[in-house]
2 protein chains.
Amino acid sequence: MDKKSPISIPLTEREESVTVTQWVYQTLRRAVMHGQILPGRALTIRELAKVLDVSPMPIREAIRQLSAENALEIQGNRRVMVPKMTAMKFNELCEARIALEPYAAARAMPYLNAAKIAELKALNTLGDQAMAQGNFEEISSLNQDFHRLLYSANPHQVTQPLIESLWLQLGPFMRLATSSLEEYYVVDRHDEAMQAIEKHDAIALQLAIKSDIREGIAFVSTPEALHNFIEQSNTSAR
Amino acid sequence: MDKKSPISIPLTEREESVTVTQWVYQTLRRAVMHGQILPGRALTIRELAKVLDVSPMPIREAIRQLSAENALEIQGNRRVMVPKMTAMKFNELCEARIALEPYAAARAMPYLNAAKIAELKALNTLGDQAMAQGNFEEISSLNQDFHRLLYSANPHQVTQPLIESLWLQLGPFMRLATSSLEEYYVVDRHDEAMQAIEKHDAIALQLAIKSDIREGIAFVSTPEALHNFIEQSNTSAR
DNA sequence: ATCGTTGAATTGTGATCACAATGCCTGTAG
DNA sequence: CTACAGGCATTGTGATCACAATTCAACGAT
């Protein structure tokens, strides 16, 4: 019956008081971010409804929201899929992160009180532990939490949704690319960022974030490596 | 029957081949951007369905998409509204524009061939005409078209949706603020931008865009003026 | 063997309905 | 006159259904 490659999405228990649509949205978002839905794989509402065991309605709403965040792509011919990556697009996404995130960090710095700094340090420590254990899933997740917590310290911040959109577009490809590496060196400029924060040095903080982002994608730094990863991540969706 | 202030949304003919949901989305988006739905006004799906004369279903989808773009805000208590503006948020939105748009312009410059430049010049000329006639609606619209055309010249660009989201959040407030001014001086740094483009001077282009944005919001530059406009735009939604 | 065509199955779209939760209004007690 | 409680109307949510458009595969012609 299924001609297409099967899709398996990790399901979590749905808490009461969470609407079905919200649960579907979170589930699909996580699946996309973790690269569990292959780029280019055609998705249908009814198929997802069966996999998640809900009616088509919440799926429709979640898909529309995810496509508004550029996590999914609605092609003209009523086909929905995770967008495929290209070398140029990858480059643009990384540069956009570098344009936005250091700025967001600097804007958040005035709001970083002792409590927030303690939280950041705690996340940082957890990250170090995960790195010692070589738990890449955890490292990546904690790294995102660190950045999110930092930027969101600014209560008037408006860039977080934009940044999340960029992460969502880079996520699937990063997962697919790193999963093919037996081992990759994880850079951690968070200590550098923490020092800049404690000195109230906005410029140093921006530099630390910028370095963190740049070095986090260094494993695909050469055009050939990038090309290979893209080739691989796209053909695997065949 | 209607205790709330009436909402009137300009309707356009729906072309065939455009889905109802798309038409509703465009209609609501335009209404929000033009400040025709007052910030803070509670919206209900069924009310909008009656106003637009469609079933509640397309409204639901359009609302979800617009709230994903931060054009609408879904409060916990199942209430949807255009977000209210605050002085801090306005500041953040403007600074985010300044962080993103000059970058997007510089990234687009390599792709600006003679044809694109001609298009930009044409838009610029139309803008000058509108300015001579004092047609502020047209000026504002053409100004957006100019920026959009410039950034979108980059075929791999990923920032346009993010920028559109920022415009969408600033739009309603800018309309309400300028509508209360009898006359406001419209700055136009587009000529400066065109010269930078023709010289292939990325730095100059970034500066021109930056100035264009900063001076476009200069009429609320003083904290007191900003405060007054916000006061006014929010109380009018009472 | 390859390409174009046709028909059946599948798909997105939009309408309608049922239900539980929320908000609103009224009536009553203090 | 104020505050609270009760009941009623309204709302978002999610399921189901009908239909037109599209896809896909089998079939036939060249």
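Just so it is clear: chains get the letters A, B, ... in the order the sequence lines come, proteins before strands, and each one is counted from 1. As the structure is a computational prediction, the values presented were derived from the model and not from experiment.
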Undergrad: Can you find a side chain N or O atom of B:R79 that sits less than 4.0 Å from OP1 or OP2 on C:dA21?
TA: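 No, no such contact exists.
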Undergrad: Where is the tightest heavy-atom contact between B:C94 and B:L170, given as atom of each residue plus distance?
TA: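 Heavy atoms of B:C94 and B:L170 come nearest at SG-CD2, 4.3 Å.
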Undergrad: For the pair B:K84 and B:E73, find out whether any cationic side-chain nitrogen is under 4.0 Å from an anionic carboxylate oxygen.
TA: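 So B:K84 does not pair with B:E73 through a salt bridge.
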Undergrad: Can you tell me the distance, in whole Å, between the NZ atom of A:K50 and the P atom of C:dG12?
TA: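 It is 12 Å, rounded to the nearest whole Å.
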Undergrad: Taking CD from B:Q65 and P from C:dT13, how many angstroms apart are they, rounded to a whole number?
TA: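 Atom CD in B:Q65 sits about 11 Å away from atom P in C:dT13.
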Undergrad: What pairs with A:Q169 under side chain to side chain donor-acceptor pair (under 3.5 Å), at least two apart in sequence or on another chain?
TA: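 With neighbours one apart ignored, the set is A:S165.
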Undergrad: Any non-hydrogen side-chain atom of A:R97 less than 4.5 Å from a side-chain atom of A:I163?
TA: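 They are not in contact (no side-chain heavy atoms under 4.5 Å apart), so the answer is no.
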Undergrad: Would you please classify the geometry between the B:W167 ring and the B:H147 ring as parallel, tilted or perpendicular, with 30° and 60° separating the classes?
TA: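 Because their plane-to-plane angle is over 60°, the rings of B:H147 and B:W167 count as perpendicular.
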Undergrad: Using a cut-off of strictly less than 4.0 Å, decide whether A:T19 has a side-chain nitrogen or oxygen near OP1 or OP2 of D:dG12.
TA: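 For D:dG12, OP1/OP2 do not have a side-chain N/O of A:T19 under 4.0 Å.
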Undergrad: Could you tell me how far apart B:L52 (CG) and C:dA15 (C1') are, to the nearest whole angstrom?
TA: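 So the two atoms are 16 Å apart, to the nearest Å.
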Undergrad: How close or far is atom P of D:dG14 from atom CH2 of A:W23, stated in whole angstroms?
TA: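 Answer to the nearest Å: 12 Å.
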Undergrad: How do A:V80 and B:V54 order along DNA chain C: which one's closest nucleotide is nearer the 5' end?
TA: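 Result: A:V80.
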Undergrad: Output a table of nitrogen or oxygen pairs between the protein and nucleotides 16-20 of chain D separated by less than 3.5 Å.
TA:
none

Undergrad: Any side-chain donor-acceptor pair under 3.5 Å between B:E69 and B:Y25?
TA: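 B:Y25 and B:E69 do have a side-chain donor-acceptor pair below 3.5 Å.
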Undergrad: In this structure, how many angstroms lie between the P atom of D:dG14 and the CD atom of A:Q22, rounded?
TA: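 To the nearest whole Å, that distance equals 8 Å.
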Undergrad: When the distance from CD of A:E61 to C1' of C:dT13 is rounded to whole Å, what number comes out?
TA: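 Taking CD of A:E61 and C1' of C:dT13, I get 13 Å after rounding.
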Undergrad: If I take atom CD in residue A:E47 and atom P in nucleotide C:dT11, what distance separates them, rounded to the nearest angstrom?
TA: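 My rounded result for the distance is 8 Å.
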Undergrad: Would you classify B:I59 as touching base, sugar-phosphate or nothing, given that sugar-phosphate means primed atoms plus P, OP1 and OP2, and contacts are heavy atoms under 4.0 Å?
TA: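 Here B:I59 touches no strand at all.
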Undergrad: Only counting residues at least two apart or in another chain, list the ones meeting side-chain contact (heavy atoms from CB on, under 4.5 Å) with A:T12.
TA: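 A:W23, A:R30.
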Undergrad: How long is the line joining CD of A:Q75 and P of D:dT22, in whole Å?
TA: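 The distance from CD of A:Q75 to P of D:dT22 comes to 14 Å, rounded to the nearest Å.
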